[in-house]
Amino acid sequence: RTDNDIGIGIQSGTRINIGLKTGTWIGIEGVTETDMERRTEVGIENRADIDTVTDREADIEKAVAAARRAFHRKSEWRQLTASARGRLLHRFADLIERDAEYLSTLETTDNGMLYAMSRLMMQGIAGTVRYAAGLADKVHGDTIPSDFEGFTYTLRQPVGVCGLILPWNGPMSMFVSKVATALAAGCTMVVKPAEQTPLTALALAALLAEAGVPRGVVNVVNGYGPTAGAALTHHPHVAKVSFTGSLEVGKIIQQAAGASNLKRVTLELGGKSPLVICDDADLNVAVPYAAEGVFAHQGQVCVAASRLFVQSKIYDEFVKRAVEYAKNRKVGNPFTEGNQNGPQVDEEMMNKVLGYIEKGKAEGAKLLTGGQRIGTTGYYLEPTVFADVTDNMTIAKEEIFGPVQSILKFETLDEVIDRANDTNYGLAAGIFTTNVQTALQFSNLVEAGIVWVNNYFTFEPRIPFGGFKDSGLGRENGLEGIQQYLETKTVNIAVPKLT
Ligand code: NAD
């Protein structure tokens with residue numbers, strides 16, 4: 001974000017309009033909670049179809065009640081067939097494609113993501129909705145052979161009202177992967193975006209309304225975690241919470257579920273993902289992938305390749321090239337074409353990253369480039385490379401969430417597998433090698449929810465995503481994703497033998 005002026009207001013109808021006062025305008029400085037409430041309330045008055053309310057716990061109460069009404073067995077939503085839900089989702093995807101430029105502008109304004117990246121992601125975002133649309137009428141149960149005189153079948157039914165809690169780093173992609181899947185399953189929901197990024201969820205909710213999703217099915221409440229978020233996770237009428245965010249809050253959410261109504265919980269949490277570069281890797285491919293793996297989106301990515309293990313024979317050459325790559329990376333206004341890194345999301349996150357850099361230096365890692373804030377306007381950081389990092393250093397253990405590459409040396413595959421697994425996290429992992437046996441051995445043994453071989457960061461709505469260990473619970477996307485929004489019901493019917 002820069003400190004230049006920006007005016008933001010939610011106008012009548014279904015559009016959020018952003019007013020610009022200067023050429024560079026990324027940031028919502030000076031928007032107080034009251035401002036946000038007032039503006040959001042203006043939004044409610046003008047919004048006929050979807051409840052969009054504010055931060056108070058009472059608003060969560062209101063939103064959950066709306067979602068509960070919309071889940072009643074006689075509601076318009078519950079009367080829709082599964083294929084009709086699929087058609088609504090396809091319409092939603094059409095509208096996302098129609099408004100792609102507007103939505104990606106909003107996303108970049110909201111969190112500082114490079115515009116080139118947010119624009120590119122729109123295709124995947126619409127694709128995620130279409131994948132969910134296709135899934136809607138493919139949810140079905142089983143028939144199970146019975147040893148008794150009976151007939152047994154299962155039904156897979158929507159779990160009920162869902163609380164969907166989003167992080168700030170990918171607000172739009174998180175919104176669609178949770179909301180579209182929950183809608184395909186037939187659930188109703190209350191969405192709470194991160195306080196840093198309130199905009200795109202409102203815009204997407206407006207598009208859902210325009211697509212024809214009935215009133216009360218999707219409710220957006222912008223608010224803070226300990227108030228709005230906690231009210232949602234403790235609510236006795238919320239049947240399930242799907243959360244993406246930090247490990248710390250993930251634990252609080254699971255406790256809230258246990259302390260309230262034992263709601264179902266899906267958690268997508270942090271990571272400290274190992275990327276392994278073997279001696280036989282093609283460095284022309286591996287160096288850029290490793291750099292993008294930790295610098296893309298300023299390192300604010302849950303699967304960031306934040307522990308880079310490089311085999312000893314190529315270590316010196318790799319480090320040299322990695323430093324060159326980082327030095328050449330262009331940092332600046334995310335709307336300017338050609339820039340490769342934008343700003344960190346806010347001052348707090350920037351200072352947190354700078355704190356980790358200081359710890360890295362103090363604990364003896366070799367800082368080879370970067371390490372500083374750029375200028376005093378906006379929260380821009382230099383792409384940073386540390387070499388000679390060891391496993392016990394803080395920068396090798398904790399999630400930094402910034403553009404900091406930490407390079408560690410290794411000798412053998414056996415050794416690096418143990419070191420890669422020596423973390424409480426288990427979200428993603430990667431390996432660059434031309435030896436298929438090495439790739440398969442590593443993929444089998446590394447403790448991670450996704451393993452990339454000779455690439456990094458490949459995501460598709462068809463592939464399940466989630467973490468081992470402290471990185472999460474459950475899976476999103478793919479066929480497994482929709483199961484998290486369903487309950488299985490078994491029906492057993494006595495069928496006496498005809499004698
Ligand atoms: P965060 O945990 O601080 O906040 C996430 C959300 O939780 C926000 O909406 C926040 O308001 C809410 N929240 C905070 N306290 C709460 C409480 N007590 N009860 C209920 N809700 C509460 O995380 P963040 O800083 O927004 O996001 C960064 C983190 O998210 C990183 O750790 C990152 O790795 C992780 N992440 C994981 C994935 C994944 O899919 N595994 C994807 C993106 C981000």
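Numbering of ligands and ligand atoms starts at 1, following listing order. All residue numbers in this chain count up from 1 along the given sequence.
- When non-hydrogen atoms are compared, ligand 1 lies under 4.0 Å from the side chain of E399 (C-beta onward) but not from its backbone.
- Counting heavy atoms closer than 4.0 Å to ligand 1, residue A228 contributes nothing at all.
- Heavy atoms of G170 come nearer than 4.0 angstrom to ligand 1 in no pair at all.
- There is a protein heavy atom closer than 4.0 angstrom to atom 41 (N) of ligand 1.
- With a 6.0 Å radius and a threshold of 12 heavy atoms from other residues, nucleotides or ligands, K251 has its NZ atom at or below the threshold.
- Checking N111, L354, L381 one by one against Q344, the side chain to side chain contact (heavy atoms under 4.5 Å, CB included) holds for a single residue, L381.
- Other residues, nucleotides and ligands contribute over 12 non-hydrogen atoms within 6.0 Å of the CD atom of E460.
- Of the listed options I165, N111, V249, L232, V249 places a heavy atom closest to atom 16 (C) of ligand 1.
- Contact annotation for V303 and ligand 1: no heavy atom of the residue comes within less than 4.0 Å of the ligand.
- At a 4.0 Å cut-off, at least one heavy atom of M174 sits close enough to ligand 1 to count as contact.
- More than 12 non-hydrogen atoms from other residues, nucleotides or ligands lie less than 6.0 angstrom from CZ of R130.
- Comparing heavy-atom distances from atom 28 (C) of ligand 1 across F401, F243, F465, F459 singles out F401 as nearest.
- Contacts of L269 with ligand 1, taken as heavy-atom pairs under 4.0 Å, involve the backbone alone.
- The aromatic rings of Y289 and F432 sit tilted relative to each other, their planes meeting at an angle between 30° and 60°.
- Between the side chains of E399 and Y356, not a single donor N or O lies within less than 3.5 Å of an accepting N or O.
- Within the 4.0 Å heavy-atom shell around ligand 1 one does not find A304.
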